[in-house]
*Asks:* 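Structure provided below as structure tokens; questions to follow.
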Amino acid sequence: MIEEIQKERGSIYGKFEFQAECVGNIIGACMAASRQGGELMSMGSKEIGAVAYIAIKLARYAVSPSHVDTLVDLESYCNLIKKMEIGNE
């Protein structure tokens with residue numbers, strides 16, 4: 001079962017190892033920016049977790065920009081993060 005899912009996802013998004021490295025690089029860049037000070041310095045576990053959701057979708061988008069579900073997910077995650085940060089408006 002796992003092999004089938006990996007094969008399906010791999011055919012759309014590329015190898016898991018590439019995706020993991022790409023996501024790690026995005027999160028690492030955000031962590032480095034957070035250490036530079038300013039508002040980003042307040043990035044805690046909640047914000048890092050939110051970045052992880054976005055990073056996964058960005059890595060997938062980089063490989064499969066025509067996969068519409070990825071764009072829908074990105075939009076949804078951005079809206080959830082906005083609600084998390086500024087509340088329901």
Side-chain angles (χ1 to χ4, degrees):
M1 180 70 168
I2 292 174
E3 291 82 17
E4 291 173 20
I5 293 170
Q6 286 178 323
K7 185 176 179 181
E8 176 199 347
R9 296 289 160 85
S11 70
I12 298 169
Y13 304 120
K15 290 187 173 187
F16 173 78
E17 295 83 2
F18 169 78
Q19 290 290 307
E21 183 177 358
C22 189
V23 169
N25 287 336
I26 293 168
I27 293 171
C30 289
M31 295 297 296
S34 181
R35 288 190 290 272
Q36 295 300 311
E39 219 177 299
L40 286 175
M41 194 149 195
S42 64
M43 201 163 108
S45 296
K46 179 175 70 173
E47 291 79 16
I48 294 166
V51 167
Y53 278 95
I54 297 294
I56 290 166
K57 294 303 174 176
L58 287 174
R60 289 179 172 185
Y61 179 75
V63 174
S64 301
S66 63
H67 197 254
V68 177
D69 285 352
T70 299
L71 294 174
V72 171
D73 289 346
L74 269 168
E75 179 182 27
S76 298
Y77 289 142
C78 287
N79 283 323
L80 288 170
I81 292 167
K82 180 180 174 186
K83 287 179 182 179
M84 178 179 75
E85 292 300 329
I86 62 175
N88 295 329
E89 292 188 344

*Asks:* May I ask whether L74 and V72 are part of the same hydrophobic cluster, defined by side-chain heavy atoms of I, L, V, M, F, W, Y residues being less than 4.5 angstrom apart, directly or through others?
*Replies:*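 No: no chain of side-chain contacts under 4.5 Å links L74 to V72.
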*Asks:* Does some side-chain heavy atom of V63 sit less than 4.5 Å from a side-chain heavy atom of F18?
*Replies:*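 A side-chain contact under 4.5 Å exists here.
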*Asks:* Can you see which heavy atom on L71 is nearest to which on P65, and at what distance?
*Replies:*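 Heavy atoms only, the tightest pair is CD1-O, 4.4 Å.
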*Asks:* If you count every heavy atom of other residues, nucleotides or ligands that lies below 6.0 Å from Y77 atom OH, does the total exceed 12?
*Replies:*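 Yes - once you tally the heavy atoms of other residues, nucleotides and ligands closer than 6.0 Å, there are more than 12.
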*Asks:* Once rounded to the nearest 0.5 Å, what's the spacing between atom CD1 of I54 and atom CG of D73?
*Replies:*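 One gets 9.5 Å once the value is rounded to the nearest 0.5 Å.
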*Asks:* Cut-off 3.5 Å, no hydrogens considered: what does the side-chain donor-acceptor table look like for residues 4-13, sequence neighbours left out?
*Replies:*
| from | atom 1 | to | atom 2 | distance (Å) |
| --- | --- | --- | --- | --- |
| S11 | OG | E8 | O | 2.6 |
| Y13 | OH | H67 | ND1 | 3.2 |

*Asks:* Is the shortest heavy-atom distance from the side chain of K46 to the side chain of E85 under 4.5 Å?
*Replies:*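 Yes, their side chains come closer than 4.5 Å.
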*Asks:* If you link I, L, V, M, F, W and Y whenever their side-chain heavy atoms are under 4.5 Å apart, who else ends up in the same group as F16?
*Replies:*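 F16 shares its hydrophobic cluster with no other residue.
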*Asks:* Tell me which pairs pass side-chain hydrogen bond (donor to acceptor under 3.5 Å, both in side chains) where either residue lies in residues 17-33, with sequence neighbours left out.
*Replies:*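 Applying side-chain hydrogen bond (donor to acceptor under 3.5 Å, both in side chains) to every pair that reaches into residues 17-33, excluding sequence neighbours, yields nothing.
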*Asks:* Measuring from atom NZ of K57 to atom OG of S76, what distance do you get when rounded to the nearest 0.5 angstrom?
*Replies:*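 One finds 9.5 Å between NZ of K57 and OG of S76.
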